[in-house]
Amino acid sequence: KCVGIEKCGGLCLKACPSGALKVKEPEKSLADDSMISKIEIDRALCQGCLKCASACTARALTASGYEITVKEAFERVDNDRFFFRKGGGATISGGEPMFQFEFTYNLAKKLHDSGLHVCLDTTGFAPAERYLEILPYVDLFLYDLKHMDSFKHERLTGVPNELILSNARLLAEKGGALQIRVPVIPKLNASWDNLKKTAEFCAGLGEAVKLIQLLPYHSLGRSKYIRLGWDYKLKNVDPPDEEYMSKALELFVSYGLPAKLH
Ligand code: SF4
Ligand code: SF4
């Protein structure tokens, strides 16, 4: 939708406090064949202040997401209560909802106290005390295990895995219920050795594990990355084949785990 700085006067450029917007090479406008210069965002410099989105009258840059209070979020869920099937409820997701702990804690408590089933979708990468605090109000933790080798986990996600694994053990020990998702990404974490270690770890969590989802990598996110101007790092990765995924499923089931594909 960008009409080019020639037409709008570069409103976003003037609004950006950190010089994160760059002018691209002129290109032909699809509207009238004139030459226009669009902008691109340098993600390394962008502070996420959204001033560019407020300034852009062409709505080429827009903010997605909005602020909401616990009360408003609760009411929104509560209004739909009638439509929930038996066992339905609310999932608090993110980003990482534990990074906005006060909001997440209060919302989980309010939902739980009102009789709704509460899921918390978390990476497991937050202080242990916070998981203990929120545990009484969460019926099910949706939890990702991406790699059992901490060094490789850090290369893959930017953080080591010790805290994630110890939080999973802690939640299991204290009576939490876990639905564990294991993305299976060839060349990154799909080695048999890693899958075996993941299955062993999950088996060690005992009854706390309600379900394991083995999620074969797919490339559907690629277009979103391109749209956002992000570097898509899995360009050379193909989805795992069905036979490999079936064997992976058999492996988890052989540990007595309630596992399924997808
Ligand atoms: S993004 Fe909006 S404000 Fe920025 S150059 Fe394009 S049309 Fe103008
Ligand atoms: S969101 Fe990023 S690009 Fe937009 S004005 Fe703020 S710093 Fe600049």
Side-chain angles (χ1 to χ4, degrees), residues 1-77 90-107 120-127 130 142 144 146 153-160 163-164 183 185 188 218-237:
K1 284 189 186 169
C2 179
V3 296
I5 58 168
E6 295 81 358
K7 294 202 169 111
C8 73
L11 295 168
C12 57
L13 290 171
K14 290 174 193 157
C16 179
S18 59
L21 294 169
K22 310 271 179 257
V23 180
K24 294 206 278 190
E25 287 295 313
E27 59 187 90
K28 210 177 243 187
S29 161
L30 292 175
D32 57 12
D33 273 0
S34 63
M35 295 303 281
I36 58 169
S37 309
K38 296 184 179 181
I39 53 94
E40 65 185 339
I41 301 174
D42 182 338
R43 301 278 164 188
L45 294 177
C46 175
Q47 313 159 3
C49 67
L50 300 178
K51 287 184 179 163
C52 53
S54 305
C56 176
T57 48
R59 294 185 58 77
L61 295 168
T62 52
S64 57
Y66 48 87
E67 291 198 2
I68 191 166
T69 64
V70 168
K71 185 169 174 285
E72 287 162 346
F74 172 76
E75 283 168 1
R76 205 165 290 184
V77 178
T91 299
I92 306 176
S93 184
E96 172 50 73
M98 293 294 273
F99 288 168
Q100 300 182 58
F101 183 68
E102 202 183 326
F103 176 88
T104 299
Y105 173 86
N106 287 319
L107 181 59
L120 179 65
D121 185 352
T122 179
T123 59
F125 193 76
R130 292 194 163 172
L142 304 179
D144 290 356
K146 299 199 177 81
H153 189 279
E154 185 160 1
R155 268 210 334 224
L156 193 58
T157 67
V159 296
L163 181 63
I164 295 165
I185 313 169
L188 294 179
H218 59 72
S219 53
L220 296 178
R222 196 176 298 201
S223 57
K224 184 175 175 189
Y225 271 68
I226 292 167
R227 209 167 57 241
L228 291 169
W230 295 346
D231 183 22
Y232 189 75
K233 295 204 167 63
L234 302 180
K235 283 191 226 32
N236 301 319
V237 175

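Remember, it's 1-based here, ligands and their atoms both numbered in the order they're listed.
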Which atoms of ligand 2 have any heavy atom of P17 under 4.0 Å away? 5 (S)
For K146, does its backbone N or O pair with a side-chain atom of D144 as donor and acceptor, under 3.5 Å? no
Considering only non-hydrogen protein atoms, determine which one is nearest to atom 7 (S) of ligand 1 and report residue, atom name and distance to 0.1 Å. V3 N, 3.5 Å
Looking at atom 6 (Fe) of ligand 1, what's its closest protein heavy atom, distance included? C2 SG, 2.3 Å
Report, in ascending order of atom number, the atoms of ligand 2 lying under 4.0 Å from any heavy atom of S18. 7 (S)
How about C46: does one of its N, O or S atoms come closer than 2.8 Å to atom 6 (Fe) of ligand 2? no
Do any of the N/O/S atoms of C52, backbone or side chain, fall under 2.8 Å from atom 8 (Fe) of ligand 2? no
Among all the protein's non-hydrogen atoms, which is closest to atom 3 (S) of ligand 1, and how far away is it? C12 N, 3.4 Å
Give a yes or no on whether a salt bridge exists between K71 and E75, defined as a side-chain N under 4.0 angstrom from a carboxylate O. yes
Under 4.0 Å, heavy-atom basis, I'd like to know which part of L61 is in contact with ligand 1: side chain, backbone, both or neither. side chain
Measure the distance from atom 8 (Fe) of ligand 1 to every protein heavy atom, then report the residue, atom name and distance (to 0.1 Å) of the closest one. C8 SG, 2.3 Å
State the atoms of ligand 2, each with its element, that fall below the 4.0 Å cut-off from a heavy-atom position in Q47. 2 (Fe), 7 (S)
Indicate whether the side chain of K1 and that of T62 have a donor and an acceptor atom separated by less than 3.5 Å. no
Students should be able to answer this: which protein heavy-atom is nearest to atom 2 (Fe) of ligand 1, and at what distance? C56 SG, 2.4 Å
